[in-house]
Amino acid sequence: MPTITLPDGKAKSFDQPVTGLEVAQSIGSGLAKAALAIKVDGVTRDLSAVIDRDASVAIITAPKAGQAASKEALELIRHSAAHVMAEAIQDVIGRDVLLAYGPPTETGFFYDMFIPEGKKLSSDHFDAINARMAEIIKEDRRFTRYEQRGSEGLARLKSEANKYKVDNAERALGLASSVYRGSKPAFQGEAGGGARDPGSQSLSFYSTGVPGTNWEDLCRGPHVPSTGRIGAARVMSLASAYWHGDETSDRLIRVYGTAFPTQAELDEYLRQKEEAARRDHRVIGRALRLFHIDETVGQGLILWTPRGAVIRKELQSFIGAELKKQGYTEVFTPHIGGLDLYKTSGHFPYYKDSQFAPIVERNALDALAGCGCSCAEMLRRVEGVSARLAAGINERTGAPTIAPDRVIPDEQLIDGFMLRPMNCPHHAKIFASEPHSYRDLPVRLAEFGTVYRWEQSGELNGMTRVRGFTQDDAHLFCTEEQIPGEIQGCLSLVKAIFATLGMKDYRVRVGLRDKDSSKFTGSPESWDKAEAACIAAARSLGVTFSQEPGEAAFYGPKIDFVVKDVIGREWQLGTVQVDYQMGNRFDLSYTGPDNKPHRPVVIHRAPFGSMERFCGVLIEHFAGAFPAWLSPEQVRVLPISEKTIDYAREVASALRAADVRAGVDEGNDRIQAKVKVAADDKVPYMLIVGPRDAESRSVSVRVRGTERDLGAMPLEAFVAAIKAEITERRSELTVRP
RNA sequence: GCCGCUGUAGCUCAGUGGUAGAGCGCACCCUUGGUAAGGGUGAGGUCAUGGGUUCAAAUCCCAUCAGCGGCUCCA
């Protein structure tokens with residue numbers, strides 16, 4: 001005779017087992033109507049689930065009109081929508097489409113499926129699928145759960161010849177023959193996923209309607225009570241995915257969709273997606289001529305065009321000024337370094353596969369030739385980026401290409417240089433170039449250092465994922481006692497940057513060591529202290545932060561800044577990392593008060609992360625409409641006709657004399673066209689100058705985003721006002737006549 | 001790297017086996033116009049690259065390269 005405890009603490013007793021719906025009804029009919037599912041002792045279950053024991057129960061409800069749905073409600077709706085989409089696809093393509101996994105995601109859901117040989121699923125089918133989904137939702141069929149004994153259920157699935165479902169069921173029953181290779185846990189509440197918790201004796205199925213008559217799927221649940229509760233759903237896109245995320249396994253089609261309680265919310269989501277696409281930094285970057293990628297130069301290599309270079313330069317000056325205040329010193333170092341340097345730092349050969357191939361010295365080639373190495377062998381060694389090639393194995397056939405006794409170990413392979421993948425080895429050498437007393441510490445070496453990494457070609461993306469990029473890097477060589485203070489200094493820098501740029505939506509991730517793992521170097525006591533310092537510093541920021549055990553670098557804990565852009569994607573930008581390893585590897589030391597040598601601890605930090613990625617994110621953040629201080633062209637002077645071109649030039653030179661970036665549109669277009677072009681170029685201020693303005697030595701000021709000019713003001717007053725706005729790096733356009 | 005889609009003028013794109021197209025941009029001319037495109041003329045292409053099929057290929061096939069969307073990865 002269960003006693004149900006509700007979230008507000010009230011208890012209700014029932015004489016007999018009750019369903020979730022009955023609990024809701026006993027509270028109120030409105031609640032029962034809005035109910036989607038229940039949470040029993042923290043576990044989400046169907047509304048029809050029977051509660052036969054004392055439990056705490058919460059009702060998950062659809063949102064009231066005008067309110068946003070809870071995360072749980074959205075997940076239920078989307079997971080249920082995954083079933084509806086799968087049914088719709090089977091109706092459109094055929095019942096022989098094999099379903100695999102269909103979990104909800106942050107913005108919707110997907111369903112992985114295998115399309116049989118000879119059939120095709122393409123975006124051409126989307127209209128038909130969407131129409132069918134709408135019908136199923138309109139039919140408002142009940143989600144009906146039923147269970148079968150494990151053996152029966154399994155036999156049934158086997159008879160349906162869907163090996164993916166059989167695998168799901170076997171894993172659910174705890175007799176998984178296939179090993180889930182991915183390290184990620186299985187999705188919660190996935191359609192078609194493990195039907196119950198592993199080890200269970202039975203399997204659960206859901207019919208969208210009447211079992212045996214309507215569509216069914218092996219599923220753990222829970223679901224909304226009926227398809228009508230889904231509201232609005234839509235298939236979005238297709239992608240490929242591998243079974244279990246394993247690329248040697250079957251390739252499946254991943255069909256993405258999304259669902260919302262109401263059509264209005266779905267429409268709003270689609271509108272946001274369009275807005276996000278409109279802000280794509282690759283599109284805006286081309287339109288505003290900010291950067292260029294040329295395939296002859298190379299994939300993933302950014303050419304900063306004059307306008308983009310202005311933005312980067314402004315950001316660098318901004319951070320440079322902050323660094324000066326914090327006592328940093330600037331250094332310059334080359335983009336390459338000897339291979340031995342990276343053997344010392346541990347980058348080579350350990351991270352060889354994500355670096356550009358070494359630049360081989362002529363002498364080294366001669367030496368190889370001198371020891372009887374054939375041309376073919378040398379070529380393989382020189383071009384051998386892959387471990388297999390270097391080991392003398394043909395990549396395709398796997399056959400040996402070089403006699404095993406002729407294979408040279410990695411460490412002796414090549415003498416030459418590497419394009420640097422990180423700046424720290426160079427900075428370590430600068431630190432080591434002279435003796436240091438504890439009195440000198442911390443030594444803070446800063447450099448906008450360009451590094452090169454061999455990102456996989458499929459990963460490259462505009463400015464945000466590239467092969468050559470410039471970090472706003474610095475290394476702080478300090479004593480262990482100085483760590484907390486230095487971390488605080490780094491964080492205040494990052495905070496200042498985000499505040500100035502108006503980036504409010506960010507969170508902090510503190511990567512800690514996994515105490516059970518042996519891959520972390522350094523003493524546990526040092527780690528504890530450094531981790532405590534990172535956590536304290538993160539907490540002091542006053543934004544959400546998470547502690548993530550096991551996510552530390554092997555050499556020390558770290559703090560990452562994750563910024564959310566308008567598309568809802570998260571970007572890891574700034575980072576602060578404590579490093580206990582570098583001192584050892586490079587044998588760094590300082591003389592302590594005891595007159596003995598001590599190891600410095602190194603803090604790596606890069607508030608922007610990389611200039612390329614940061615600018616890419618900024619372009620999307622501002623949709624190309626930068627605040628005045630960052631704008632490549634801050635003012636454009638638009639003469640009404642040729643008659644006022646001279647005055648327009650005069651205005652521009654006055655602005656340039658005051659260090660304001662100003663251009664003149666000297667074209668013979670009419671003023672309407674000039675305004676349009678300047679607006680398209682997102683120039684913050686347009687100064688319209690005609691005979692009236694020339695006469696009174698004033699300018700008619702039109703601010704970006706407004707419909708007309710806001711009136712005339714004296715030229716000198718405008719110069720002074722915009723100068724102040726730029727110098728203070730204001731995020732809004734504030735100059736007004 | 002893997003899978004799918006795409007590659008035509010500086011940009012955005014049309015062109016499904018038979019003479020290479022449009023809009024924007026660019027150059028020049030007319031227009032001298034007060035707030036989101038005034039009009040005309042013209043230049044500009046080895047249809048990504050390399051093979052193949054065909055009397056004939058931008059178009060069909062194969063390979064390579066690059067871009068896009070995913071997957072996997074990111075010290």
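Computed from a predicted structure; not experimentally measured.
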Rounded distance in Å between the [atom1] positions of [N] and [M]:
| N | M | atom1 | result |
| --- | --- | --- | --- |
| B:U49 | B:C65 | C1' | 7 Å |
| B:U46 | B:G39 | C1' | 36 Å |
| B:G1 | B:G44 | C1' | 39 Å |
| B:U53 | B:U59 | C1' | 13 Å |
| B:U19 | B:A56 | C1' | 13 Å |
| B:U41 | B:C24 | P | 12 Å |
| B:U8 | B:C3 | P | 24 Å |
| B:A22 | B:G34 | C1' | 33 Å |

Nucleotide opposite [N] in a Watson-Crick or G-U pair, distances under 3.5 Å:
| N | value |
| --- | --- |
| B:G7 | B:C65 |
| B:C73 | none |
| B:G18 | B:C55 |
| B:U35 | none |
| B:A27 | B:U41 |
| B:U46 | none |

Within the pair A:R289 and B:G10, is there a side-chain N or O less than 4.0 Å away from OP1 or OP2?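 No, because none of the side-chain N or O atoms of A:R289 sits under 4.0 Å from OP1 or OP2 of B:G10.
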Can you check whether A:V255 reaches A:M85 side chain to side chain, under 4.5 Å on heavy atoms?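 A:V255 reaches A:M85 side chain to side chain.
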Contact class for [X] vs. all strands (heavy atom < 4.0 Å): base, sugar-phosphate, or nothing?
| X | value |
| --- | --- |
| A:Q572 | nothing |
| A:I671 | sugar-phosphate |
| A:R453 | base |

Rounded distance [0.5 Å steps], [atom1] in [X] versus [atom2] in [Y]:
| X | Y | atom1 | atom2 | answer |
| --- | --- | --- | --- | --- |
| A:E455 | A:Y452 | CD | OH | 14.5 Å |
| A:F561 | A:L573 | CZ | CG | 10.0 Å |
| A:F291 | A:I284 | CZ | CD1 | 10.0 Å |
| A:E707 | A:L710 | CD | CG | 11.0 Å |

Spacing between [X] atom [atom1] and [N] atom [atom2], to the nearest angstrom:
| X | N | atom1 | atom2 | answer |
| --- | --- | --- | --- | --- |
| A:E551 | B:C73 | CD | C1' | 14 Å |
| A:I253 | B:C2 | CD1 | P | 18 Å |
| A:M686 | B:A36 | CE | P | 9 Å |
| A:F114 | B:C3 | CZ | P | 15 Å |
| A:D681 | B:G25 | CG | C1' | 12 Å |
| A:D665 | B:G25 | CG | P | 12 Å |
| A:L638 | B:G33 | CG | P | 16 Å |
| A:D560 | B:A75 | CG | P | 9 Å |

Taking for each residue the nucleotide of RNA chain B bearing the nearest heavy atom, is the 5' side occupied by A:E642 or by A:E707?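 Per heavy-atom nearest nucleotide, the more 5' residue is A:E642.
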Both A:M422 and A:Q456 contact RNA chain B. Which one's nearest nucleotide lies toward the 5' end?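 Here A:Q456 is the residue nearer the 5' end.
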For a quick check under 3.5 Å, do [X] and [Y] share a side-chain donor-acceptor pair by atom type?
| X | Y | result |
| --- | --- | --- |
| A:H604 | A:Q577 | no |
| A:H427 | A:E447 | yes |
| A:N668 | A:E642 | no |

A:D680: side chain to side chain donor-acceptor pair (under 3.5 Å) partners, not counting sequence neighbours: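 Testing A:D680 for side chain to side chain donor-acceptor pair (under 3.5 Å), a comparison that skips the adjacent residues, returns A:K676.
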Among B:C73, B:U32, B:U35, find the nucleotide with the atom closest to the side chain of A:V675.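 Nearest to the side-chain atoms of A:V675, counting from C-beta on, is B:U35.
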Selected nucleotide, minimal atom distance to A:H347 side chain, candidates B:A75, B:A36, B:U35: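 Selected nucleotide: B:A75.
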Does a distance-only test, which skips hydrogens and angles, find a donor-acceptor pair under 3.5 Å between the side chain of A:D693 and the base of B:G34?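 Per atom types, the contact qualifies.
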Answer with yes or no whether A:S700 presents, from its side chain, a donor or acceptor under 3.5 Å of a partner atom in the base of B:G34.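 A donor-acceptor contact between them is present.
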List every contact pair, protein side and nucleotides 65-70 of chain B side both N or O, where the distance is under 3.5 Å.
from, atom 1, to, atom 2, distance (Å)
B:A66, OP1, A:Q299, OE1, 2.9
B:G67, OP2, A:Q299, NE2, 2.7
B:C68, OP1, A:R282, NH1, 3.2
B:G69, OP1, A:R282, NH1, 3.4
B:G69, OP1, A:R282, NH2, 2.7
B:G69, OP2, A:R282, NH1, 3.0
B:G70, O3', A:Y256, OH, 3.4
B:G70, O2', A:S240, O, 3.3

A:F114 and A:Y164 aromatic ring geometry - parallel, tilted or perpendicular at 30°/60° bounds: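 Answer is tilted, since the angle falls between 30° and 60°.
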Between the protein and nucleotides 22-24 of chain B, are there any N/O to N/O pairs under 3.5 Å, and if so, what are the atom names and distances?
none

Donor-acceptor pair, A:T470 side chain versus A:F448 backbone, under 3.5 Å?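 Answer holds: no.
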Any donor-acceptor N/O pair, A:T575 side chain to A:A606 backbone, under 3.5 Å: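 Such a contact is absent between A:T575 side chain and A:A606 backbone.
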Can you list the residues that meet the side chain to side chain contact (heavy atoms under 4.5 Å, CB included) rule with A:S546, with sequence neighbours excluded?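 Residues passing side chain to side chain contact (heavy atoms under 4.5 Å, CB included) with A:S546: A:R507, A:R509, A:E548.
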Test of understanding: with side chain to side chain contact (heavy atoms under 4.5 Å, CB included), list the residues that count as partners of A:V466, not counting sequence neighbours.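 A:V466 satisfies side chain to side chain contact (heavy atoms under 4.5 Å, CB included) with A:I302, A:F469, A:E612 once adjacent residues are dropped.
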Does the cation-pi check pass for A:R78 over A:F109, that is, NZ or CZ under 6.0 Å from the six-membered ring centre and within 45° of its axis?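 The answer is no; the distance or angle limit is not met.
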Under 4.0 Å protein heavy-atom contact, by nucleotide of nucleotides 37-47 of chain B - B base, S sugar-phosphate only: BB---------
